[in-house]
Amino acid sequence: MFFLRAPYPAIQSSVALPSPGWGDSVGLTSSLQILRAMDGTRYTYVHEKGGRKRLQWDFTIARHKALELRAFIRSYYRSQIQVIDHNEDTWVGYLINNPFEHAADERAVDFPGGETMTITLEFEEAE
Amino acid sequence: MALRVTRQFGEALGAGDGSLRVTRQFGEVLGRGEGKLRVTRQYIEVLALASQTHEKSLTTAMSITDNAHVPERHERIEDTLSLTERVPATFVEDLLDDLGITQTTSRTLPYSLTSELDLDDPFVYLHNVGEHISIHESLTFTQDIDFESGLFNVMETVMNMSDSVNEIGPRYKTVWTRIHLYQYMPSKFARAESTINLVDLTGRDYKAEASSTISLSHDMWRSSTPTTDMTLVQSLDWGKTKGIPAQYLNLEHTIGLHGDWARAMMNELGIGHSLTYYLPDPCDTKAYTPFIGESTVSDSPTAPDADLPFTQGLLEGGRFLLLYPALGESTDVVELRAPNLDNKERQAFTRINRETRGGKLSVFADPDWPKINTLVLSFSGLTKTEVGEIHDFIQEHLGEEIGIIDWEGHQWAGVITTPNERAAQDGKHGFTLTFEFEGVLVEEMPSGSHMSVVDGFTHFFHKARSLSNELDLSQEAVETVESP
């Protein structure tokens with residue numbers, strides 16, 4: 001189970017999504033720049049960004065759930081949201097996709113809406 | 001000798017003892033006569049009189065005794081009061097009146113204290129000795145300035161009182177004018193002014209009373225300037241006392257509060273509460289099941305709609321349509337089959353992402369900034385004719401807003417942003433064409449742009465003996481959006 005809750009911290013709305021597909025990722029947002037002097041001395045310039053992490057999940061969801069997610073994004077694209085992922089980890093940050101792309105992939109007769117859609121969510125911690 | 005022609009002249013020009021009179025005598029006999037006839041001219045002058053009990057004129061200078069009783073008969077009584085003002089003010093020694101006028105200047109500050117007192121009691125005729133005449137005028141001026149801070153202040157009290165009695169007869173007449181002015185200024189003030197004009201006129205000497213009583217009271221504890229102007233006129237021109245109805249004019253003006261200066265201070269602390277919930281259900285990850293709680297936070301975004309936003313599916317026999325114009329009655333329509341699967345919808349928002357020096361991510365977006373929806377649609381199995389119709393449609397309305405009825409029955413309004421996409425022939429009779437469309441759902445467009453609702457209200461009122469009201473209400477709703 002995967003939850004998107006917003007706006008944080010005064011949470012009003014919750015969206016329950018199925019667990020994302022394989023290939024979800026998490027990583028730091030820090031950056032490093034290396035400069036080398038003429039005598040071979042190495043200088044590193046880092047931008048730690050507070051140790052914030054960036055995550056990405058791929059979802060395959062029913063058409064109706066996609067519409068619900070579409071409405072959620074439209075309401076809270078500029079708000080902090082809380083994510084409780086499939087590993088029960090809690091994250092607070094922003095959805096940073098631009099644009100959000102909803103793709104209708106397959107027919108799914110038994111699913112609400114008759115289709116399945118895929119969407120990728122990119123998320124970055126606020127601090 | 002009967003005839004006497006005589007001229008005598010005698011003068012006594014100086015005062016003598018008790019028997020001497022200052023007298024000038026002159027006698028002439030101008031002709032003769034017979035018997036006792038005498039033609040005589042006599043002239044006698046008395047050049048000086050001793051003391052008399054009746055005096056023609058009596059002048060008393062600087063007498064303010066207001067002692068109007070008449071023990072002796074005087075034709076004229078005159079009082080003259082002269083006040084000499086100095087710094088500090090003093091009075092001449094001969095003044096015997098205690099007027100209570102004190103002028104004091106303590107320093108060389110630009111003070112100006114002025115008191116003018118004019119009392120005029122003309123007493124013209126008095127027919128009968130012993131009649132009681134009483135004229136009272138009482139004036140009390142009080143000007144107190146306790147503290148002078150250097151500002152220019154003016155305190156002025158001007159009172160003009162005139163009581164005129166033309167005739168004193170056996171009839172009783174009373175004329176009263178009473179004015180009480182009281183100005184009290186405990187603190188800083190801008191201006192306080194009281195002006196009262198009382199005019200009582202009675203035309204004839206019948207017993208009549210005209211009374212005007214005015215009480216003006218201004219209580220000011222703020223630097224405001226309330227103004228009260230009152231003019232009362234009672235005129236009795238002619239007629240006897242009886243039969244003239246009394247006229248009473250009572251004006252009562254009560255203002256309890258001129259303004260409310262209550263200062264309402266409010267601090268909005270931004271305290272609110274929010275609530276969300278989740279009800280486990282096997283379908284909550286598939287169906288449209290948003291869990292919308294409540295929030296009283298003022299700047300909280302608008303929550304998503306709790307209901308499924310659209311009705312799914314085309315009407316029976318309906319097809320994918322390209323329309324022109326986007327709204328209203330269509331003049332150019334292209335019908336297509338439904339697009340292939342793998343169609344996409346892109347939601348793009350205008351946002352500003354910033355990172356603080358400490359690494360905190362801040363995202364800001366004004367809700368009025370553009371939100372762009374883009375549809376990526378791919379059509380397969382098109383005939384050559386359909387490809388031609390699409391190309392003609394795009395060419396004809398290039399850059400113009402067109403409408404789309406999609407495969408789910410949703411209406412969109414926007415523009416085709418990829419007019420130069422080529423149609424590929426991927427079968428013997430089939431073509432595939434892909435284009436991108438940027439627009440918005442018609443349901444998300446601002447209300448009122450495609451529908452106008454007019455309420456008309458007409459009210460007729462006829463003035464006639466038989467009153468009637470006609471009320472015509474008309475409501476007209478005009479919908480300009482028509483699905484083809």
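Every chain is numbered from 1 and lettered A, B, ... according to where its sequence line falls, protein lines coming before strand lines. What's counted below: heavy atoms across the whole structure, side chains too, no hydrogens, waters or symmetry copies.
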Can you tell me which portion of [X] sits under 4.5 Å from chain A's heavy atoms? Options are side chain, backbone, both or neither.
| X | value |
| --- | --- |
| B:Phe349 | both |
| B:Thr374 | neither |
| B:Glu355 | side chain |
| B:Val297 | side chain |

Heavy-atom distances under 4.5 Å only: say whether [X] touches chain B with side chain, backbone, both or neither.
| X | answer |
| --- | --- |
| A:Arg5 | side chain |
| A:Leu69 | neither |
| A:Ile11 | both |
| A:Ser14 | both |

Any side-chain heavy atom of [X] within less than 4.5 Å of one from [Y]?
| X | Y | value |
| --- | --- | --- |
| A:Asp105 | B:Asp342 | yes |
| B:Asp284 | A:Met1 | yes |
| B:Leu361 | A:Glu125 | no |

Can you tell me which of [options] forms the most heavy-atom pairs within a distance under 4.5 Å of chain B?
| options | result |
| --- | --- |
| A:Pro112, A:Pro9, A:Gly114 | A:Pro112 |
| A:Gln12, A:Lys49, A:His102, A:Glu101 | A:Gln12 |
| A:Phe111, A:Tyr76, A:Phe2 | A:Tyr76 |
| A:Glu115, A:Glu48, A:Glu68, A:Glu127 | A:Glu68 |
| A:Gly50, A:Ala66, A:Pro7, A:Ala10 | A:Ala10 |

What's the verdict on side-chain contact (heavy atoms from CB on, under 4.5 Å) for A:Asn97 and B:Gln347, showing C-alpha distance, side-chain angles and the deciding distance?
CA-CA 9 Å; A:Asn97 301 62; B:Gln347 286 178 282; over 6 Å; no
Rounded to the nearest 0.5 Å, how far apart are [atom1] of [X] and [atom2] of [Y]?
| X | Y | atom1 | atom2 | result |
| --- | --- | --- | --- | --- |
| B:Cys283 | A:His64 | SG | NE2 | 12.0 Å |
| B:Asn343 | A:Met117 | CG | CE | 6.5 Å |
| B:Phe291 | A:Phe3 | CZ | CZ | 7.5 Å |

Considering only heavy atoms, give the residues of residues 426-439 of chain B separated from chain A by less than 4.5 Å, sorted numerically, with 'none' for an empty result.
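None at all.
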Of all the heavy-atom pairs spanning [X] and [Y], show the shortest one and how long it is.
| X | Y | answer |
| --- | --- | --- |
| A:Leu67 | B:Tyr288 | C-CE1, 3.9 Å |
| A:Tyr77 | B:Pro367 | OH-CA, 3.9 Å |
| B:Ile292 | A:Ser13 | CD1-OG, 3.4 Å |
| A:Lys65 | B:Thr285 | CE-C, 3.4 Å |
| B:Lys286 | A:Ala62 | O-CB, 3.5 Å |
| B:Lys344 | A:Ala103 | CG-CB, 3.8 Å |

Max heavy-atom pair count under 4.5 Å with chain A, selected residue of [options]:
| options | result |
| --- | --- |
| B:Asp305, B:Asp366, B:Thr276 | B:Thr276 |
| B:Pro290, B:Ala348, B:Gly272, B:Ser295 | B:Pro290 |
| B:Thr356, B:Ile372, B:Leu341 | B:Leu341 |

Over 12 non-hydrogen atoms of neighbours within 6.0 angstrom of [atom1] in [X]:
| X | atom1 | answer |
| --- | --- | --- |
| B:Tyr278 | OH | yes |
| A:Asn87 | CG | yes |
| A:Glu106 | CD | no |

Indicate whether any N or O donor in one side chain lies under 3.5 Å from an N or O acceptor in the other, for A:Ser75 and B:Thr302.
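Distance-only check fails for A:Ser75 and B:Thr302.
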How far apart are the C-alpha atoms of B:Asn373 and A:Arg70, what are their side-chain angles, what is the distance that settles it, and do they pass the side-chain contact (heavy atoms from CB on, under 4.5 Å) test?
CA-CA 11 Å; B:Asn373 282 67; A:Arg70 178 182 183 274; 3.2 Å; yes
Short question: side chain of A:Arg78, backbone of B:Arg351 - any donor-acceptor pair under 3.5 Å?
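A pair under 3.5 Å: no.
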